[in-house]
*Asks:* 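Starting off with a structure, shown below.
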Amino acid sequence: MSAFQAPTGTRDVLAPESAGFEAVVARFARTVHLAGYGLVVSPMFEDAGVFRRGVGEDSEVVTKEMYVFEDKGGRTLALRPEGTASVVRAFVQHRPPVPWKAWYVTPAFRYERPQAGRYRQHHQLGVEVLGSADPDLDVEVVSLLADFYSSLGLERVELRVNSMGDAVCMPGYREALGAYLKAHEDELCDEHKATWAKNPLRVLDCKRPACVAVRAGAPKLSDALCGPCAEHFDRFLAGLDALGITWLRDNWLVRGLDYYTRTTFEFSSLALEAAQNGIGGGGRYDGLVELLGGPPTAGVGFGSGIERILLACEAEGLVDLGQSRLDVFVVDVTGGEVARDLTHELRSTGISADRAFDGRSLRSQLKQADRSGARVACIVGPEELAANVVTVRWLRRDSGGSRDAIGAPEGDAGAASAGNDGGTAGVSREQERVGRDALAATLGGWLR
RNA sequence: GUGGCCGUAGCUCAGUUGGUUAGAGCGCCAGGUUGUGGCCCUGGAGGUCGGGGGUUCAAGUCCCCUCGGUCACCCCA
């Protein structure tokens, strides 16, 4: 065991596993670019007040899980526990023209006991749209997330939706719920017996049987919505229907962050255990900009956890998320100069290339070439050097069943497949010499 | 914050009722093949048995503490 390890609840993601991260982020970027969103990069720490106010003073995330520290200047800062509050802070500070459509990828930090699908540093990607209360934007945001998931190949995903009302109808509901809870105080779980009054809504998403039982008879948000909120919600649902997005109404969907108004939604993966099946969620937060010192400005957005997305992909059997393959591995047993120059040249023409170092033996270099996953080896020995040519050797000809299927082109020039025999599954023995000067162009054609 | 299980090589793990210089497979390096990878063979490197303390003639093995991992509750992504 090494002297230092990644801190509790954090981990290192190395290649090839990290290819999943890369692919997810790339896919997300493409999805949101298609809808006109621009990347926002903001600090990973903020004045702790941004999150205290933004996420909610008595939310679980702020009270128990936030990394708060004092810097050398005596400022009280906090590591970002989620994405929205700091994006909204940036909006308030810079006041870009509205509607402002932003997307982000960021680590998020929460001090909790790690377990499957839960880390002290995890990664979220998301969007925020500020400056419009149009319910069609709620639809857009949900559809972006739905499209993103399906573009990854996820199928067993469930969308639940609810409306939290607004400043007009929420206080009344809160009061009604409070009165109901007061009458059933003794029946609540131990934690909420003591804390229900502070934020009655928290009781709604408590999973303990006691609270779940009490909740069954509680007043429903859907019955309490004021006219405009009900209208907004109807338009939202109609939009989802129009786009063919299936949803489930969940009256008890309240979400853990305090800033939500009107639309809330959550995606969960049916392929995952309930403990970590939440893969993304969000909603509208029309009061948040004001809370952080800006003018009254509507907002809507979502966050989705990359680790959870990858877990869901794995659970649905989706491997090969963007496994990239090296095109060429240069084997040079004449001292390395050719390898040095050739890899540089190939790369400059868009062909990915790697090589061996340290003057290893031919056998050893070919072994590395094999391991690298490269499609061809370019071999340079004394003969090639003298004749100014390169031996191009095809390294793999994978056929059915193997996880490499993704990169194996059918019927490339110079690579007619050799007969399979048990030990050396579908391996081609073909190689040929190509003039050094024409190499990049020739390979470019072959590898296409 | 609470609880269960687990810490022996880079990885997956053996290690008999405590008993000599702690093993295997895979991986890695080199050679067999002085110009050809995967299969095979040979050899090699790599471990203060998570850390500290204790019991004992003797601890990887037993006891205590601690750190770490993992899973669950809670909460969330």
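No hydrogens, no waters, no symmetry mates; every other heavy atom, side chains included, goes into these values. Sequence lines set the chain letters: A, B, ... in the order given, protein chains first and strands last, and positions in each chain run from 1. Since we're looking at a predicted model, the values are computed, not measured.
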*Asks:* Over how many whole Å does the gap from A:Arg202 atom CZ to B:C74 atom P extend?
*Replies:*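 About 15 Å, once rounded to whole Å.
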*Asks:* Using whole Å, what does the distance between atom P of nucleotide B:C74 and atom CD of A:Glu65 come to?
*Replies:*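 Going from CD in A:Glu65 over to P in B:C74 covers 13 Å.
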*Asks:* In residues 115-124 of chain A, which residues come under 4.0 Å of RNA chain B by heavy atom?
*Replies:*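 Nucleic-acid contacts, sorted: A:Gln115, A:Ala116, A:Gly117, A:Arg118, A:Tyr119, A:His122, A:Gln124.
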*Asks:* Counting side-chain heavy atoms from C-beta on, which of B:G35, B:C74, B:U36 comes nearest to A:Pro382?
*Replies:*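 Looking only at side-chain atoms, A:Pro382 lies closest to B:G35.
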*Asks:* Scan A:Ile351, A:Leu342, A:Val389 and name whichever one has a side-chain contact (heavy atoms from CB on, under 4.5 Å) with A:Leu439.
*Replies:* A:Leu342
*Asks:* Of the nucleotides B:G38, B:C74, B:G68, which one has an atom closest to the side chain of A:Gln5?
*Replies:*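 Closest nucleotide to the A:Gln5 side chain: B:G68.
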*Asks:* Going by modelled atom types, is there a donor-acceptor pair between the base of B:U36 and the side chain of A:Gln365 at under 3.5 Å?
*Replies:*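 For A:Gln365, whose side chain was compared with the base of B:U36, there is no donor-acceptor pair (under 3.5 Å).
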*Asks:* Closest nucleotide of RNA chain B for A:Glu82 versus for A:Asp370: which of these residues is on the 5' side?
*Replies:* A:Asp370
*Asks:* Between A:Ala369 and A:Cys206, which residue's closest nucleotide on RNA chain B lies nearer the 5′ terminus?
*Replies:*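 With A:Cys206 and A:Ala369 compared, the 5'-side residue is A:Ala369.
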*Asks:* Rounded to whole angstrom units, what separation is found between the CZ atom of A:Phe4 and the P atom of B:G50?
*Replies:*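 Rounded to the whole Å, the gap is 20 Å.
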*Asks:* Is any side-chain N or O of A:Ser361 closer than 4.0 Å to OP1 or OP2 of B:G31?
*Replies:*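 Indeed, a polar side-chain atom of A:Ser361 lies that close.
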*Asks:* Please determine whether the number of non-hydrogen atoms from other residues, nucleotides or ligands lying under 6.0 Å from atom CZ of A:Arg249 exceeds 12.
*Replies:* yes
*Asks:* Would you mind classifying the nucleic acid contact of A:Gly282 as base, sugar-phosphate or nothing, using non-hydrogen atoms under 4.0 angstrom?
*Replies:* nothing
*Asks:* Check this one for me: any side-chain N or O of A:Ser364 less than 4.0 Å away from OP1 or OP2 of B:A30?
*Replies:*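 Yes, within the criterion.
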*Asks:* Could you tell me how far apart A:Leu152 (CG) and B:A77 (P) are, to the nearest whole angstrom?
*Replies:* 19 Å
*Asks:* What contact category does A:Glu384 fall into here, base, sugar-phosphate, or nothing, at under 4.0 angstrom with non-hydrogen atoms?
*Replies:*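 The answer is base, as A:Glu384 lies within the cut-off (heavy atoms under 4.0 Å) of a base atom.
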*Asks:* Using the ring centroid of each side chain, check whether A:His184 and A:Tyr180 are separated by less than 6.0 Å.
*Replies:*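 Yes, the ring centres sit under 6.0 Å apart.
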*Asks:* Please report the distance, rounded to the nearest Å, between CG in A:Asp205 and C1' in B:A77.
*Replies:* 15 Å
*Asks:* Taking only the C1' atom of each, what is the distance from B:G15 to B:G23 in whole angstrom?
*Replies:*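 Between the two C1' atoms, the distance is 7 Å.
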*Asks:* Across the strands shown, which category fits A:Gln368 at heavy-atom distances under 4.0 angstrom: base, sugar-phosphate, nothing?
*Replies:* nothing
*Asks:* Using atom C1' of each nucleotide, how far apart are B:C26 and B:C65 to the nearest Å?
*Replies:*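 After rounding to an integer number of Å, I get 36 Å for this pair.
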*Asks:* Looking at the base of B:A72, is there any donor atom on it, or on the side chain of A:Glu273, that sits under 3.5 Å from an acceptor on the other one?
*Replies:*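 No such pair is found, so the answer is no.
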*Asks:* Between A:Gln124 and A:Thr106, does any side-chain donor sit less than 3.5 Å from a side-chain acceptor?
*Replies:* no
*Asks:* Can you confirm whether A:Gln368 sits close enough to A:Val331 that some side-chain heavy atom of one is under 4.5 Å from a side-chain heavy atom of the other?
*Replies:* no
*Asks:* Using the C1' atom as the point on both nucleotides, what is the distance between B:U21 and B:G4, in whole Å?
*Replies:* 39 Å
*Asks:* Can you see whether A:Arg284 engages A:Ser163 through a side-chain donor-acceptor pair at a distance of less than 3.5 angstrom?
*Replies:*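 Looking only at side-chain atoms, A:Ser163 and A:Arg284 do not form any donor-acceptor pair under 3.5 Å.
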*Asks:* Using a 4.0 Å heavy-atom cut-off across all strands, classify A:Arg433 as base, sugar-phosphate, or nothing.
*Replies:* base
*Asks:* Given B:A30, is OP1 or OP2 found less than 4.0 Å from the side-chain N or O atoms of A:Arg360?
*Replies:* yes
*Asks:* With no hydrogens and no angle check, do the side chains of A:Ser372 and A:Asp354 hold a donor and an acceptor under 3.5 Å apart?
*Replies:*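 Not at all, the side chains of A:Ser372 and A:Asp354 share no donor-acceptor pair under 3.5 Å.
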*Asks:* Considering only atom C1', compute the distance from B:G3 to B:A45 and round it to an integer number of Å.
*Replies:* 43 Å
*Asks:* Under 3.5 Å, is there an N or O donor on one side and an acceptor on the other linking the side chain of A:Arg113 and the base of B:G3?
*Replies:*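 It does, because a donor-acceptor pair links the side chain of A:Arg113 to the base of B:G3 below 3.5 Å.
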*Asks:* Compute whether any side-chain donor of one residue and acceptor of the other, for A:Tyr285 and A:Glu128, lie under 3.5 angstrom apart.
*Replies:*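 On atom types as modelled, these side chains qualify, holding a pair under 3.5 Å.
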*Asks:* What contact category does A:Ile379 fall into here, base, sugar-phosphate, or nothing, at under 4.0 angstrom with non-hydrogen atoms?
*Replies:*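 The answer is base, as A:Ile379 lies within the cut-off (heavy atoms under 4.0 Å) of a base atom.
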*Asks:* Just to verify, which of A:Leu248, A:Ile245, A:Leu240, A:Thr264 counts as forming a side-chain contact (heavy atoms from CB on, under 4.5 Å) with A:Val161?
*Replies:* A:Leu240
*Asks:* Determine the Euclidean distance between corresponding C1' atoms of B:G46 and B:G19; express it in Å to zero decimal places.
*Replies:*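 Each nucleotide's C1' atom is 27 Å from the other's.
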*Asks:* Less than 3.5 Å apart, any donor N or O on the side chain of A:Ser269 or A:Tyr149 sitting next to an acceptor on the other?
*Replies:*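 No, because no side-chain N or O of A:Ser269 sits under 3.5 Å from a partner of the opposite role on A:Tyr149.
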*Asks:* Check the side chains of A:Gln431 and A:Trp394 for a donor-acceptor pair under 3.5 angstrom, ignoring hydrogens and angles.
*Replies:*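 A:Trp394 vs A:Gln431: no donor-acceptor pair found between side chains.
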*Asks:* Measure NZ/A:Lys207 against C1'/B:A72 and give the value in whole Å, please.
*Replies:*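 From A:Lys207 NZ to B:A72 C1': 12 Å.
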*Asks:* Choosing from B:C75, B:G1, B:C40, which nucleotide comes nearest the side chain of A:Arg363?
*Replies:*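 For A:Arg363, the side-chain atoms sit closest to B:C40.
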*Asks:* Just how far, in rounded Å, is C1' of B:C71 from CG of A:Leu311?
*Replies:*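 Distance, rounded to whole Å: 14 Å.
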*Asks:* When you measure from the side-chain N and O atoms of A:Thr8 to the phosphate of B:G69, is any distance below 4.0 Å, counting only OP1 and OP2?
*Replies:*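 Checking A:Thr8 against B:G69: at least one side-chain N or O falls below 4.0 Å of OP1 or OP2.
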*Asks:* Output yes when at least one side-chain N/O atom of A:Arg371 is less than 4.0 Å from OP1 or OP2 of B:G27, else no.
*Replies:* no
*Asks:* Using atom C1' of each nucleotide, how far apart are B:U42 and B:U33 to the nearest Å?
*Replies:* 13 Å
*Asks:* Given the C1' atoms of B:G52 and B:C67, what is the spacing between them in whole Å?
*Replies:*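 Nearest-Å result for B:G52 against B:C67 at atom C1': 10 Å.
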*Asks:* Quiz question: by atom type and distance under 3.5 Å, do the side chains of A:Arg174 and A:Asn199 form a donor-acceptor pair?
*Replies:* yes
*Asks:* Between B:C73 atom C1' and A:Glu60 atom CD, what is the distance in whole Å?
*Replies:*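 It works out to 12 Å between those atoms.
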*Asks:* With pairs defined as Watson-Crick or G-U wobble and both distances under 3.5 angstrom, please note down RNA chain B as a dot-bracket string, | for pairing with another strand.
*Replies:* (((((((..((((.....[...)))).(((((.......))))).....(((((..]....))))))))))))....
*Asks:* Counting only side-chain heavy atoms from C-beta out, which of B:U36, B:C75, B:G37 sits nearest to A:Leu362?
*Replies:*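 Nearest nucleotide to the side chain: B:U36.
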*Asks:* Check whether the side chains of A:Thr10 and A:Arg120 place a donor and an acceptor atom closer than 3.5 Å, and report yes or no.
*Replies:*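 Side-chain D/A pair, A:Thr10 to A:Arg120: absent.
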*Asks:* If I pick the P atom on B:A24 and the same atom on B:G68, what distance separates them, to the nearest angstrom?
*Replies:* 33 Å
